[in-house]
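Some notes on the structure that comes next.
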Amino acid sequence: RWQLGRPKDSYAGLAITIRKLYGICRFATTKVDISIAESSFRYQSENRFNMSVSAELRVLCHQLSSTPIAQLPQITPLLLRHVLRCRAPLSAPSGNAAKVDASETSVLVHKLKTHVSTLLNGKSIEGKFVAVVLIKGLVDVGGWEVLRTAEPWVRGLLAIVTVSLSRIRSIAILMPVQKPQDPVASKKLAIITLTTIYVQTQQYQSLTREITTPTLPAFVTSSLNLIISKSNKVTEAPASLIAAIFDSFSTLMPRHPAIFRPFAGQIRKVTSAYIAPTFTDARFIPESLKEKSRTLAVFVNQTAPKNTSGEEWGKSIRAVVKDIHTTTDQVFRAVVEDWESSVGYVPQPVDVNRPLSGGGATKEDYPAWSGIDAGLERLTGLVAYLEAHFQAHTATQVTVPIGTIDDLLSRLMSVAPPISKSGASHGAMRLHPGISREEREGLWAGLPAIHVAVMSVYSTLISRFGTQFVSLAQGALE
């Protein structure tokens with residue numbers, strides 16, 4: 001498209017034009033060469049990538065088919081590493097056959113899923129364990145393409161969770177085990193994997209209708225059967241398994257409150273045993289399990305029907321405040337309190353001639369406790385449960401009885417241990433003459449833990465309310 005001019009010397013102008021055209025041609029030739037090189041490099045890179053992915057899949061399928069099932073748990077980390085490197089073929093749409101080696105890759109993916117299904121439905125404990133781990137990895141990297149065919153896996157995972165631990169113990173004690181039972185580790189991983197599947201299917205209405213809605217009630221029932229016996233008593237299941245179940249319920253309950261609604265009573269009963277345990281429970285409860293049970297107990301309020309979860313949350317707050325006051329009446333009986341309620345609460349009379357105890361009055365009550373140490377632990381746990389109500393999110397707006405809560409916290413902070421070694425009380429605090437010295441000293445030793453729990457509640461309230469907490473700041477500082 002060059003337009004030749006008409007210079008004085010036509011030959012000179014023609015020579016200049018020819019040189020310009022030659023330069024353009026050289027530049028264009030160079031661009032063509034570069035484009036060819038880039039296309040060749042891109043083709044080779046994609047080809048190498050496809051070959052690498054196919055190699056990963058081939059290696060994975062070969063290891064699953066050639067390794068004895070009993071030895072598969074030993075190479076599970078390696079198998080999972082191969083799965084994580086195969087994100088592209090596992091998440092690629094099944095109808096995409098335009099790429100090189102697409103047909104081979106799809107065959108390998110189908111072969112991998114078949115291997116996993118065989119292990120999951122087999123009788124080998126080791127095979128089921130490896131299958132659960134691989135399903136978790138496949139679901140994480142495969143997304144929709146794996147989830148849409150995961151319904152048989154969900155059934156197999158439910159079968160692992162369904163066998164109760166009490167049945168396993170009875171079989172182990174009364175007779176030799178004829179059929180191997182899945183260990184606690186497999187059940188825990190199955191619960192985690194099922195939770196992942198239910199969470200990821202929520203964004204797909206079709207999968208929620210086909211997988212979650214039909215199977216989630218069975219999952220909740222099977223999980224509760226692991227920690228509740230047929231006589232409706234809480235079993236001594238391993239703490240790690242209970243924590244996994246509580247974590248799962250806390251994750252799924254806000255997403256599917258209607259499905260969890262029929263199980264709300266059972267869940268409340270189970271969590272009550274771990275919200276504020278004491279030394280008299282004859283069982284050690286890890287702190288992490290206590291926190292998970294409190295969180296789950298708060299989320300149970302979201303199962304209330306017809307958008308009444310906010311009202312249930314308020315009832316739960318008031319019930320916890322009442323329980324704390326009732327426990328404080330017992331634990332603080334060694335002193336004559338000068339505290340007066342600003343909301344009209346009247347401390348209940350306490351019989352100082354009877355041993356210090358509480359709880360266990362009704363089936364819905366927390367487990368019974370006795371002694372000053374257990375009472376202090378119960379009180380600290382209940383205060384932490386009160387704090388959990390403000391740490392977990394709510395489904396709707398709630399009305400916070402902040403005056404009632406501030407009144408309770410002021411009472412707990414009004415009693416302080418004595419300053420002098422002679423036992424002189426702090427300020428105008430008076431001691432009850434009918435209480436033994438041992439109980440009094442036990443109270444002094446446990447008060448700092450209660451004060452720390454109260455300050456933690458104040459800290460959470462400040463974080464939640466921000467500048468709206470200013471009106472209560474002065475009283476909290478005092």
Side-chain angles (χ1 to χ4, degrees), residues 276 278 317-359 361 366 369-387 390 400-462 469-478:
T278 65
I317 283 281
R318 289 187 287 272
V320 175
V321 170
K322 181 180 178 180
D323 290 335
I324 294 176
H325 273 304
T326 302
T327 306
T328 305
D329 293 340
Q330 296 287 336
V331 174
F332 282 6
R333 71 175 189 172
V335 298
V336 180
E337 297 181 76
D338 293 328
W339 167 83
E340 293 183 1
S341 175
S342 60
V343 295
Y345 177 79
V346 179
Q348 300 300 314
V350 178
D351 187 359
V352 297
N353 296 320
R354 299 183 59 183
L356 181 61
S357 61
Y366 297 101
W369 58 270
S370 61
I372 184 61
D373 293 328
L376 288 165
E377 193 175 14
R378 169 61 53 81
L379 185 57
T380 304
L382 291 176
V383 174
Y385 180 37
L386 174 64
E387 181 183 4
F390 299 95
V400 181
I402 192 65
T404 302
I405 295 173
D406 184 60
D407 180 66
L408 169 66
L409 299 181
S410 298
R411 179 188 183 184
L412 296 176
M413 295 294 287
S414 65
V415 177
I419 298 176
S420 63
K421 296 182 179 179
S422 59
S425 60
H426 179 70
M429 186 176 60
R430 295 170 294 168
L431 303 179
H432 198 292
I435 302 300
S436 65
R437 179 180 178 182
E438 289 76 13
E439 181 178 327
R440 217 167 34 239
E441 291 179 347
L443 175 62
W444 304 148
L447 278 176
I450 296 178
H451 294 165
V452 170
V454 170
M455 287 186 285
S456 181
V457 175
Y458 275 129
S459 177
T460 300
L461 292 175
I462 293 171
F469 189 80
V470 173
S471 59
L472 301 174
Q474 185 62 37
L477 291 173
E478 293 177 356

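- Separation of atoms OH (Tyr458) and CG (Leu409) is listed at 4.5 Å; rounding is to 0.5 Å.
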Does the side chain to side chain contact (heavy atoms under 4.5 Å, CB included) test come out yes or no for Trp339 and Asp407, once each step is laid out? CA-CA 10 Å; Trp339 167 83; Asp407 180 66; 3.3 Å; yes
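- Smallest separation of non-hydrogen atoms from Ile372 and Gly442: CG1-C, 3.9 Å.
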Sequence neighbours excluded and cut-off under 3.5 Å, please list the side-chain donor-acceptor pairs for residues 347-356, or say none.
residue : atom : partner : partner atom : Å
Gln348  : NE2  : Val346  : O            : 3.3
Asp351  : OD1  : Asn353  : N            : 3.1

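- Nearest approach of Pro401 to Ile317, heavy atoms of both residues: CG-CG2, 3.5 Å.
- Within the 3.5 Å criterion, the main-chain N or O of Ile435 finds a donor-acceptor partner in the side chain of Arg440.
- Between the side chain of Thr326 and the backbone N or O of Lys322, at least one donor-acceptor pair lies under 3.5 Å.
- Residue Thr380 holds its OG1 atom at 10.0 Å from NE2 of His451, rounded to the nearest 0.5 Å.
- With sequence neighbours excluded, the residues that form a ring pair (Phe, Tyr, Trp, His ring centres under 6.0 Å) with Phe390 are Trp313.
- A heavy-atom distance below 4.5 Å is found between the side chains of Tyr385 and Tyr366.
- Side-chain atoms of Leu376 and Trp369, non-hydrogen and from C-beta on, never get closer than 4.5 Å to each other.
- Partner of Thr328 under the side chain to side chain contact (heavy atoms under 4.5 Å, CB included) criterion, out of Val383, Ile450, Leu382, Leu379: Leu379 alone.
- Residues Gly344 and Ser341 come closest through the heavy atom pair N-OG, 3.2 Å.
- The CD atom of Glu439 sits 10.5 Å away from the NE2 atom of His432 when rounded to the nearest 0.5 Å.
- Here the side chains of Val400 and Leu461 are not in contact, with every heavy-atom distance at 4.5 Å or above.
- Looking at Arg430 and Asp338, their side chains come closer than 4.5 Å, going by heavy atoms from C-beta outward.
- Contact annotation: the side chain of Ser410 approaches that of Asp406 to within less than 4.5 Å [non-hydrogen atoms, C-beta and beyond].
- No side-chain heavy atom of Val336 sits less than 4.5 Å from a side-chain heavy atom of Leu431.
- To the nearest 0.5 Å, atoms CG (Leu443) and CD (Glu438) are separated by 13.5 Å.
- Without hydrogens or angle criteria, Ser456 side chain to Val452 main chain gives no donor-acceptor distance under 3.5 Å.
- Taken from CZ in Arg318 to CG in Asp323, the straight-line distance is 13.5 Å, to the nearest 0.5 Å.
- Using cut-offs of 30° and 60° for the angle between ring planes, the His325 and Tyr345 rings count as parallel.
- With contacts defined as side-chain heavy-atom distances shorter than 4.5 Å, the pair Arg411/Glu337 qualifies.
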